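What you are looking at is a predicted structure, and each value in this text was computed from that prediction instead of being measured.
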Amino acid sequence: MQVPQPDILTLSSAGLLVATFGVVVRRSFAGWLSAYRYQTVVLAGTTAVIAYFADLPELYVAAALTLVIKAVLIPRILVRVTEKIKGEFKIEANPYVSIRLSVLISALLVALSYALVQETLSTASLDVLATTYVPVSVSLFFIGLFVMVSRRMALNQVVGLLIIENGLFLFTAALTYGLALIIEIGILADILVGVIIASVLLSRMSQTFDTLDMTRLENLRDD
Amino acid sequence: MVWWNPLANAAQPFLPTSSSGLIVSLLLTPAVGGLLVTLLRGKRASGVITVASTLLVLVQTLVLIGDIIAEKQLSAFGGLFYLDALGALILLPIAGVGFVSAIYSINYMGRQHERGLLDDKHITRYYQLFNAFMLTMLLVPVSNNMGLMWVAIEATTLVSVLLIMLYTKEGAIEAAWKYLIIATVGLSLALFGIVLFSYSEATAAPSSVSSAAASSLNWTYVSANAASLNPEVVKFAFIFVLIGFGTKAGLAPMHTWLPDAHSEAPTPVSALLSGVLLNCSIYAILRFDIVTSGTLGSAFSSQMLVILGAVSMGVAAASIYFAKDMKRMLAYSSVEHMGIITLGVGFGGFLGIFGALFQIINHAIAKSLMFFASGTISQKYDTKAISEIKGILKIMPVTGVVFLIGGLTIVGMPPFNIFAGEFLILTSGFSGGQFLAISLFLTFSVVIFAGLMKHLIPMVFGNPKGPGRETAIDANPKRDDMGWLAVVPMAALAAFLIMLGVYLPQPLETLIRDAVQVFNQG
Amino acid sequence: MIVSTVYSPILFILVFASFVSGAFLPLLFREGRKATLASFAPSALGSLLVVALSLSIITSGSAIRFSSPLPAAAAPLAMDFYIGGISAFFMLIIGLVTLAVSFYSVGYCAEYYGKRSVRELGFLLNVFVLSMLLVTAANNVFTFLVFWETMSLASFFLVIYEHENISSMKSGITYIVMTHLGTAFIIGAFLLLYFQTGSLSFDVFRTQAPVLPQYTRDLVFGLAVVGFGTKAGIVPLHVWLPQAHPSAPSNVSALMSGVMIKVAIYGLVLFALGFAAPASPADAWLGMLLVAAGAVSSLIGVMYAAIEHDIKRALAFHSVENIGIIVIGLGLSVVFMSFNLVVLASLALLASMYHALNHAIFKSLLFMGAGSVLFSTGTRDMNRMGGLVKRMPWTALLFLVGAVAIAGLPPLNGFVSEWLTFQALLSSYQVPNVALQILVSLAGAAFALTVGLSLATFVKLFGISFLSRPRSEEAENAKEVPRTMIAGMSVMACLCVVLGVLPFLGARLVSSSFGFDLNFVGSPSPFGPLTATYALDGLTSVSSMSMPVVVALMGSAAAGLLGFTAVTTGLSGKTARRINTTWDCGFGMLNERMEYTASSLSQPIRTVFKALYKPHTSIKREHYSDSNVYMNKSVSVVSETRDVFEAGLYTGAVRATESLFDKVRRIQTGKVNSYLLYIMVVLVLFLFLAGVVP
Amino acid sequence: MTWRGIDAESVRLVLGALQVVLIIALAPLLTGIMRKVKARTQKRVGASVTQPYYDLSKLLKKDEVISDQASWVFSSAPWVIFAATVTASLFVPAFVPFSPFSVAGDILVVIGLLALARFFTMLAGLDVASAFGGLGSSREMMISSLAEPALFLTIFVVSLTLGGTNLTSLVGAAAQLGTVIAPSMLFGLLAFFVVILAETGRLPFDNPATHLELTMVHEAMLLEYSGRGLAFIEWSQSVKQMIMLSLLVNLFIPVGMPLNSDAGIALPLALGAVAFVAKIMTLSAIVAYVETRVAKWRLFRLPDLLAMAIASAMVGVILHYL
């Protein structure tokens, strides 16, 4: 296999991280969605790059599917379903962790991810693709999780989840050059159905609870 | 000796001849069932179709198990599907509880319909989803590929979220949302782990990079090559998998979605969720534990499993003790039992694994029985609050008795089956010298016993109507067990509880033994 | 123990079959007399067979061994039974009491006709008895635990048989939870042995006992004492007992107090003299632990019994007392054994087991008697009884026999075993350890106080319930109970007399069950004396006691007195008897409200031991007008005592546990964010753990 | 101790039977002596020492008045009390240092039989539905149950020092020890003395000479008895007193007691009997004298006295071991 140019790799990983930070800093649903879409496009490109260097035609298909499903279908579904939801529910006005602190923590998480990968996978002989993308994918995972933990709005959590999925996809592609295609399709289908179900739930939630604020969904607890 | 031979012979004309074909037809059955429900749409018809499809699934499962006992392993569809004793063991509660649950559904959903809680459309959708749920669950133990298994487990989440969402009330939506979010996050962790596993092979054999993508995720391949995996990577992979599937299996402290989802789902689904679905995730953990033990030796994974198991029991004990809602209490009891099973696997040894696998079956029976009974009870009393329910025995004698038997079973009272399993697990813990874990086990089980008895006894005994208590029960309630379709499944399950407590049939014993063998070979 | 022949288990299978049919046969009949007979006739038959079986095993020195015909899933789950002498002895106790209770129940159940299900009672009672039998027959851990818990469960359902009664249900829950806690300790003890020996069979436990490491032995012993002590009702683990035993129907109370706690003693014997048998003087403290626990139990039990006015609760507290006495004997046996004083150990064991047998007999008799009173008057409160001796003469007589026996008065059986216990205590001077000697003599003082107080208590129990004027309408209208109930009680009363007057029979029974040499207790004749031999500074002395002679002498003394009065009255003309009212100081309106009640009778004792009882008296006055506080309309005094163990020990422990678990369960906050955080934290924690731990 | 010879055995039997007859016959005399001494120390003339015999014969002749509330317990109690007490006396060596029945009963049997008598006395007190009876039984319950540990510990001391609980061998061993009194025995003696006061109903526990409801214990229980029944109980009471005092004399003050080896010889036996009579007279005089010196204690101060006895006996035990 050919050795890819470091600058392409660095650029693409920077692009992914920037998109992720976009989700962290923005407050509105539209903002998150566009950042996510941007991230997915970069991700598909990155996958194509990996496919190219690893010489795996299957991975091109996976990249294409990702592009179609994640960058086109999913945002469209989300937009369609949330049309009826009042605009005020789509804004993260008062997160548990302030935006400014969130950015700091996200940066820390990125550093943590690099350290973690260094620590855990150092013994294994990682190729240059993996060394570049694996830390990025782990950061995506952690930041996604952090977004889900620190935000109150249900929509923001969906976006966090999608970021995690992107991280996962990148992780798969970088570390093992993707799973078997049928599995990838299965995973993508799961994600797609998941998002559809989530959006149905969101619209029901806004009807029943008249809000998407998670603080209202605390009735099921023990005390 | 195959005691279901007559049954199998009767079904033979309708079944594919080859055993590996049977795996495919097993998966096709609920798919066809779901399709038929969609096409016919009748309320009555969908119920009957579902019962038929689950019955067919059960029959096929039993035949498959017979084959497994004889041939040890089967594979189909170019190695995509694979079944050995361990998988067959998981298949058994899926098919068994699925069938009983389908029968119970007719009565339960019928009554929900009568009371106007659900309309015709909901009923049809319920049965569609029920079949889909069966399909996704059946897919888990028969898939040879880790990735496929992951997809199947994720699919069970999605289908069960839809089942919970059948009701449009606030609690159901909240529970469904939490379930969806937490389970998905958990499962994505698991996928990280799976990828790491796959990577650990790639690093072990760099030449096979390209082929790694395809077959390397197969159990048959991984467990055969477990010793040659990269130990450092496997270690972290296992942690991801454990926490990921642990979330889905309801191990504390990742269990948080479980009481919500299990208590808000329609009762037959609660039974499936608690009795069967949790096992599927436990199965995944077991599989990865086999591989990890093959690579690292059993000490590492044991330690992790024991920690999670003990924590689960502790959290469950606390929550059961203070429970106010009947179904939530049962859900926490599931957390407890997943903890016990995990402890059994963690203790290891023949007895520990045997006990854990036995416990999987025991718990499936006991918990589905408990949920059925609680469903009937809550329909009668029109509440799930423990404090409002009194004197079940006086109103529903049969339900009261089976509820009591089930309750005593899940707290580990002999002569019921769970005691036998717990005893084996305790024994293995002692022979391993895990005294801290054992003392925690015993302490928590006493607390759970105290808590459950505190709630259960006043529910079952006493007078249904007391001073100052306003319930839906009128002054002179008729003794009524809500129809034979509700009673028969529970009575059958209760019979199994008692039988397995004192006597384990030979085929089942062989199956568990073979499954332990699978474990030890890995 | 020498196993000369191995019996076929056919007799045991018959026993099994009778109790199983006793459990299920009544389900074929409608509620009522037929169902009652269908459940208690088989149980009577079964218990007769048990008596025959156990006596034949004891006298022949043989044993039965068999396994369950059902195959076990895994080796630890196999069922294995062995009935040797020790098991047979406890089976005999079970059989004897069940026999009497079966008769008694036929009449007693009439109370429930039309009110509640007799079939359930019959079912549970048969299962209960059968499970007790199987516990004593069990020969491996799993079998033991299964039937042990079945026994607990069956008795629990019997305790809450009258489940509309909230307090009955509460005491049932306390019972089952505490007993389960005890079981956890028992499991610990067994599995620790398993850890050490690698086997779950009692045979291996027995053979491996001498080579057990010291610390394991101590730990196993301690766990077993706590575990079985909970079931037996050793203070401070007794809290459930005075609540649960009285709540059950009286025939069940008789079984629970008479028999079930003996099964716990069986477990204790199993460990104390078998699996964790003392091997060296270093083990003496284990025995001393038992002696101390026994002494405290007996004293605390009788003290609470002394002030109780609920007749069944008082009897339940007496069970605590008597278990204490049994445990003192057992502990002494362990102490002696650890110094290898075999003869003394046998003496102490004889005392302990004789008392176990006796207690089973007289306590079931007394509970049946109390049940008869309850049957006729509908109350358990002694302050509402009185005058029953004239209305229920047979019950009164039989209850008196039980009372004399349990108070440890000659010539009945209680005296014999207490005499033996005294002898065992007195012979403790041969233990070469001054601290132990002094401790045992302290225990002896406690024992003596116990005996004194129990005499006082039974004066109260019999005197207040049966004598003087009726204190309520129910007592006024009481009638004698049906003949079957009298028959049941008579069986036990006869045994009280037989085991008292012919103590050699009982001693022989115990010694051949436990397989120790009987030489030290005297010549093998049913009329022979019981003897305890001492060796002190070269001076051998013998203490002996021959109850047949004592009885004969008492008879002659009475006959002599009769002759003397006949002679004297013959000389001086006949004397007449006149009936008059009780002397009332000329007041003329003596009525039942002026009598001493149960509470007033025990008032001096309550005052003397107020440090323990912490009596709480509240006085409520009602005045004719608020302005004048000197004109009382009515004054009511309520005096109550609390169980200091329940209040001090358990409430505190339960509260602490509850608050700890209450904090744990609050992790279920309802916030999905915090749930996700848990996952994240666990992940990081585990990654860290994996990184740190190689 | 062995006594295989037929002759010695029959002699013992005859002497033992004589001893029993003497105990039963002379017990009222002892009561009379104590009353006389008491009267004398109170500067009264007092009744004759044979007055108890007159009382008994009078009572035996009189009609009985029975309460309409009384049951068979009430009427059988005197018989049981008498039979138990007399049987107890059979086991006690008094005039001679052995009892022919001793092998059939020891000191614990004696105490048991006395307890049986007390049990029926208390029941009889309750049977007649009189408040006095209940009062007496209630107080007796407290006193007797507290006296029990003191008594047991005393026996413990005695048995430790002399060996066993068989009365004949105990008395024999005491004779063997002779006049040497071990310190442990001294404490035992003190405790036993208090126990005797409690058990026989002497001051400061009970005033045998009064029928005041505030102070009565024993008499309160017997209030309803008259005629023959009362005679039996009074007589038993005297016998019981005799038993207790004999025990004290023969176990703790073995002065003049014939040795085991002399047990068959007439002279030492006769001397022993004389010594016994002298000792028991002195002792009853002391008891009577003490009675004039103390007042009846308040009921709830009595436990203090008994606690002292318990403590004293305990000290005896500890002294023996150390």
Tell me, for [X] versus chain C, whether the close heavy atoms (under 4.5 Å) come from the side chain, the backbone, both or neither.
X: B/F441; result: neither
X: B/S431; result: both
X: B/Y321; result: side chain
X: B/I457; result: both
X: B/F444; result: side chain
X: B/L242; result: side chain
X: B/L296; result: neither

Determine the interplanar angle of the C/H180 and B/F449 rings, folded into 0 to 90°, and report it as parallel if under 30°, tilted if 30 to 60°, perpendicular if over 60°.
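Taking B/F449 first and then C/H180, their aromatic rings lie parallel (interplane angle under 30°).
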Where does the angle between the aromatic ring planes of C/F142 and B/F419 fall among parallel (under 30°), tilted (30 to 60°) and perpendicular (over 60°)?
parallel
[atom1]/[X] to [atom2]/[Y] distance, rounded to the nearest 0.5 angstrom?
X: C/L153; Y: B/L408; atom1: CG; atom2: CG; result: 5.0 Å
X: B/K178; Y: C/K671; atom1: NZ; atom2: NZ; result: 9.5 Å
X: C/L145; Y: B/E422; atom1: CG; atom2: CD; result: 12.0 Å
X: C/L685; Y: B/I243; atom1: CG; atom2: CD1; result: 8.5 Å
X: C/L689; Y: B/F300; atom1: CG; atom2: CZ; result: 8.0 Å
X: B/M254; Y: C/I679; atom1: CE; atom2: CD1; result: 7.0 Å

Best-contacting candidate, [options], against chain C by heavy atom pairs under 4.5 angstrom:
options: B/S445, B/A318, B/G246; result: B/A318
options: B/F435, B/Y503, B/F423; result: B/F423
options: B/I512, B/L500, B/L404; result: B/L404

Specify the closest pair of heavy atoms between [X] and [Y], including all atoms of both residues, with the distance to one decimal.
X: C/E149; Y: B/P414; value: CB-CG, 2.9 Å
X: B/F322; Y: C/E658; value: CZ-O, 3.3 Å
X: B/L351; Y: C/P76; value: CD2-CG, 3.5 Å
X: C/F195; Y: B/G433; value: CE1-CA, 3.8 Å
X: C/R665; Y: B/S319; value: CB-OG, 3.8 Å
X: B/F236; Y: C/L687; value: CD2-CD2, 3.3 Å

For chain C, which residues of residues 179-187 of chain B have at least one non-hydrogen atom nearer than 4.5 Å to it?
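Result: B/I181, B/I182, B/V185.
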Using a 4.5 angstrom heavy-atom cutoff, name the option from C/V146, C/L676, C/V672, C/V664 with the most pairs to chain B.
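The answer is C/V146.
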Has C/Q668 got a side-chain atom pairing as donor or acceptor with B/T256's backbone, closer than 3.5 angstrom?
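Yes: the side chain of C/Q668 pairs with the backbone of B/T256.
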